[in-house]
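Here the structure comes first, spelled out in structure tokens, and everything after it is commentary.
Computed from a predicted structure; not experimentally measured.
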Amino acid sequence: MVMVVIFMLGIGNFAVHKAVLESGHPLLGRMPWYVHMLGGRGTLVTEFLVLLAAMLLAANGWPWLVWVYAGYSALNLIGAWLILSNRV
């Protein structure tokens, strides 16, 4: 069950991340050059690696990690809401 929850949170993180990348927000233009490499796909790779690490750790006896990943997802959601609603 823990794996399913982490996977579903990961899908949400990818969707939010992609929405921010496609928003064209001026804040994205201020990011360092390496963020813009490959059209921002490098950051999606990083997002995948975080998801993979969370799933591997949870599968190997760290079930409480779902709460850590849920907190990470909540921070992602808050940040995306701030960017997408032009509050930043």
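There is a path of hydrophobic side-chain contacts, each under 4.5 Å, that joins Leu51 to Leu44. Using a 4.5 Å cut-off between side-chain heavy atoms of Ile, Leu, Val, Met, Phe, Trp and Tyr, with links allowed through other members, Val4 and Phe14 fall into the same hydrophobic cluster. Grouping the Ile, Leu, Val, Met, Phe, Trp and Tyr side chains by contacts below 4.5 angstrom, directly or via other members, places Val16 apart from Phe7. Cluster membership check: Val68 does not share its hydrophobic cluster with Met8, using side-chain heavy-atom separations under 4.5 Å among Ile, Leu, Val, Met, Phe, Trp and Tyr.
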Can you give each donor-acceptor pair under 3.5 Å made by side-chain atoms of residues 54-66, sequence neighbours left out, with the distance rounded to 0.1 Å?
unit_1 : atom_1 : unit_2 : atom_2 : d
Asn60  : ND2    : Leu56  : O      : 2.8

Show the atom names and distances, to 0.1 Å, of all donor-acceptor pairs under 3.5 Å that link a side chain in residues 74-82 to residues at least two apart or in another chain.
unit_1 : atom_1 : unit_2 : atom_2 : d
Asn76  : ND2    : Asn13  : OD1    : 3.4

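Ser23 meets the side chain to side chain contact (heavy atoms under 4.5 Å, CB included) test with His25, Leu28, Ile83, Leu84; sequence neighbours excluded. Applying the ring pair (Phe, Tyr, Trp, His ring centres under 6.0 Å) criterion to Tyr72, with sequence neighbours excluded, gives Tyr69.
Within the structure, salt bridge (Lys or Arg N to Asp or Glu O under 4.0 Å) contacts touching residues 66-86 (residues at least two apart or in different chains) do not occur. Pairs engaging residues 48-57 under the side-chain hydrogen bond (donor to acceptor under 3.5 Å, both in side chains) rule: none recorded [sequence neighbours left out]. Applying the salt bridge (Lys or Arg N to Asp or Glu O under 4.0 Å) rule to pairs touching residues 11-27 yields Lys18-Glu22, sequence neighbours excluded.
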Task: Residues Leu21, His17; criterion side-chain contact (heavy atoms from CB on, under 4.5 Å); working and verdict - done: CA-CA 6 Å; Leu21 287 176; His17 195 124; 3.5 Å; yes

